[in-house]
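Since the structure comes first, as structure tokens, the remarks are kept for the end.
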Amino acid sequence: MRGFFVPGIAATLYDAASSSSTRLHALGVGQPWEMDMNKGRASFLSASFVAFLVAASLASTAHAADSAAGIYKGSYASYAPGGDYGAVTIVINDQGGTVCDFYSTPNGYGAITTGGSVTSTAPFLGLTCANSGLNNGGAWYATSNSPSVAGGSVSGTWTRVVGPITNSPTGSFEATYVSGLAAINPAAMAGSWFEPGVLGIFNFLPANAGLVVTYIGVNTVRATTTTGQPIGPALGSPLWLVSEVGPKTILPGTPVNLKMYSPAAPTADQPVPSGVTPWGSIAITFLDCHTAAATLSGPITSFVMNLQILAGVAGGPGC
């Protein structure tokens with residue numbers, strides 16, 4: 001399938017600072033201290049105390065954002081009789097971003113979203129899952145509701161939009177915290193990955209220096225001049241790409257962004273290509289060692305794929 005709001009740090013710091021300022025005013029800190037002796041020291045201690053409380057408040061805010069991080073698993077179902085249902089996996093990274101996989105039991109594929117975020121951690125865990133441009137049309141949205149608890153159970157509603165936009169939820173979901181964000185062994189991801197029904201294969205190759213990604217597919221779009229004349233590789237021509245070396249450690253729900261390169265175009269003087277040229281980039285977000293969302297962005301367009309492992313490496317460590 002094709003398709004694929006972290007609160008800003010500045011906003012978080014502003015909120016924390018505003019909160020701290022309110023507390024300090026209520027305590028009278030920052031107001032002139034009436035002392036007959038050692039007024040200079042009193043001012044110094046007052047400023048130190050202010051700094052201490054502000055630092056403590058910021059640390060508390062950061063901890064709240066981290067408290068929701070982890071993997072939540074459960075199920076979802078449509079409100080309509082005979083409607084869609086299946087398994088749901090929600091990964092919240094330590095920056096507050098979300099990756100959600102609504103895997104349909106009757107359809108046999110998942111709708112993986114990467115455009116959501118944690119919107120609050122108190123009094124309840126608020127989060128969103130957002131995805132637009134699914135390969136069979138429409139968009140997918142989900143949001144949690146008030147019983148949800150960070151590090152506990154999450155529940156809410158989901159909406160599949162096909163055609164005119166509707167505000168009516170399509171169904172509900174429930175998921176429970178199952179684990180923290182343990183690093184994925186890159187060797188467990190080694191092999192060929194694909195999206196069923198979509199032409200193209202990714203190979204994930206964990207090397208000693210880090211993760212390397214290759215892509216074998218075809219050009220599905222072609223550039224044109226202002227007068228409409230086609231230029232560049234022809235539609236349907238082979239597209240071979242290789243990435244720069246990526247990280248050695250990969251966390252679920254945390255995007256891996258890599259530059260992608262293509263073989264240099266052949267010339268009359270050198271019909272056999274030599275070297276590579278910059279082509280674009282890829283952003284990969286792993287849910288686990290057999291499911292991922294990938295956005296491949298090239299010079300003309302970009303497309304999003306929900307990947308699953310096709311063939312691994314014999315003797316690999318597994319998940």
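Excluded from the calculations below are hydrogen atoms, water molecules and symmetry mates; all remaining heavy atoms, backbone and side chain alike, are included. Just so it is clear, the structure is predicted and the values come from calculations on it, not from any experiment.
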Under the 3.5 angstrom rule, does the side chain of [X] hit a backbone N or O of [Y] as a donor-acceptor pair?
X: Ser78; Y: Gly82; answer: no
X: Trp158; Y: Tyr141; answer: no
X: Thr119; Y: Gly126; answer: yes

Margin query: According to ring-ring contact (aromatic ring centres under 6.0 Å, His included), who are the partners of Tyr261, at least two apart in sequence or on a separate chain?
Written below: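 For Tyr261 there are no ring-ring contact (aromatic ring centres under 6.0 Å, His included) partners, ignoring immediate neighbours.
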Checklist line | Partners passing ring-ring contact (aromatic ring centres under 6.0 Å, His included) against Phe202 (at least two apart in sequence or in another chain) | finding: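 In terms of ring-ring contact (aromatic ring centres under 6.0 Å, His included), with neighbours along the sequence ignored, Phe202 is linked to Tyr215.
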Notebook entry, point to check: Which residue pairs pass the side-chain hydrogen bond (donor to acceptor under 3.5 Å, both in side chains) test when at least one of the two sits in residues 144-153, sequence neighbours left out?
Noted result: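 Output for this query lists Asn145-Ser155.
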Check: With sequence neighbours left out, which residue pairs that include part of residues 247-258 fulfil the side-chain hydrogen bond (donor to acceptor under 3.5 Å, both in side chains) condition?
Finding: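 Checked against side-chain hydrogen bond (donor to acceptor under 3.5 Å, both in side chains) - neighbours excluded - no pair reaches residues 247-258.
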May I ask whether [X] and [Y] are part of the same hydrophobic cluster, defined by side-chain heavy atoms of I, L, V, M, F, W, Y residues being less than 4.5 angstrom apart, directly or through others?
X: Leu241; Y: Val213; answer: yes
X: Phe303; Y: Ile282; answer: yes
X: Ile92; Y: Phe124; answer: no

From [X] atom [atom1] to [Y] atom [atom2], the distance as rounded to the nearest 0.5 Å:
X: Ile201; Y: Ser192; atom1: CD1; atom2: OG; answer: 6.0 Å
X: Leu127; Y: Thr121; atom1: CG; atom2: OG1; answer: 11.5 Å
X: Glu244; Y: Leu211; atom1: CD; atom2: CG; answer: 10.5 Å
X: Tyr72; Y: Glu174; atom1: OH; atom2: CD; answer: 14.5 Å
X: Asn203; Y: Thr214; atom1: CG; atom2: OG1; answer: 3.5 Å
X: Thr291; Y: Gln308; atom1: OG1; atom2: CD; answer: 7.0 Å

Is the closest side-chain heavy-atom distance between [X] and [Y] below 4.5 Å?
X: Ile184; Y: Leu251; answer: no
X: Leu296; Y: Trp279; answer: yes
X: Ser297; Y: Thr295; answer: yes
X: Met260; Y: Ser243; answer: yes
X: Asn107; Y: Asp84; answer: yes
X: Leu239; Y: Val218; answer: no

Listed by chain and number, what are the side chain to side chain contact (heavy atoms under 4.5 Å, CB included) partners of [X], not counting sequence neighbours?
X: Thr157; result: Tyr79, Thr143, Pro169
X: Val149; result: none
X: Ile71; result: Lys73, Thr89, Val91, Val178, Ser179, Leu181, Pro252
X: Ser75; result: none

Note to self: Could you work out, with side chain to side chain donor-acceptor pair (under 3.5 Å) as the rule, every residue matching Asp101, not counting sequence neighbours?
What the structure shows: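 For Asp101 there are no side chain to side chain donor-acceptor pair (under 3.5 Å) partners, ignoring immediate neighbours.
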Ignoring hydrogens, what is the shortest heavy-atom contact between [X] and [Y]? Give both atom names and the distance.
X: Leu258; Y: Gly246; result: CD2-CA, 3.4 Å
X: Gly253; Y: Asn93; result: O-ND2, 2.9 Å
X: Pro247; Y: Val256; result: CD-CG1, 3.7 Å
X: Ala292; Y: Ile112; result: O-CD1, 3.6 Å
X: Tyr177; Y: Gly70; result: CE1-CA, 3.9 Å

Next item on the list: Over 60° means perpendicular and under 30° means parallel, so classify the ring planes of Tyr76 and Trp140, tilted if in between.
Entry: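 Perpendicular: the ring planes of Trp140 and Tyr76 meet at over 60°.
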Note to self: Could you walk me through whether Met189 and Ile309 satisfy the side chain to side chain contact (heavy atoms under 4.5 Å, CB included) test, starting with their C-alpha distance in whole Å, then the side-chain angles of each, then the deciding distance to 0.1 Å, before giving a yes or no?
What the structure shows: CA-CA 8 Å; Met189 300 179 295; Ile309 193 165; over 6 Å; no
Checklist line | Residue pair Thr113, Val99: steps toward the side chain to side chain contact (heavy atoms under 4.5 Å, CB included) verdict | finding: CA-CA 6 Å; Thr113 74; Val99 180; 6.0 Å; no
Notebook entry, point to check: Using links of under 4.5 Å between side-chain heavy atoms of ILVMFWY residues, direct or through other members, which residues join Ile216 in one cluster?
Noted result: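 Trp240, all in the cluster of Ile216.
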Checklist line | Inter- and intrachain pairs under ring pair (Phe, Tyr, Trp, His ring centres under 6.0 Å), touching residues 179-200, at least two apart | finding: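 Non-adjacent pairs meeting ring pair (Phe, Tyr, Trp, His ring centres under 6.0 Å): Trp193-Phe204, Trp193-Phe286.
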Note to self: Please determine whether side chain to side chain contact (heavy atoms under 4.5 Å, CB included) holds for the pair Val242 and Val212, giving the CA-CA distance in whole Å, both sets of side-chain angles, and the decisive distance to 0.1 Å.
What the structure shows: CA-CA 7 Å; Val242 62; Val212 176; 4.2 Å; yes
Next item on the list: Sequence neighbours left out, what pairs pass disulfide (SG to SG under 2.5 Å) with at least one residue falling in residues 69-100?
Entry: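 For residues 69-100: Cys100-Cys129.
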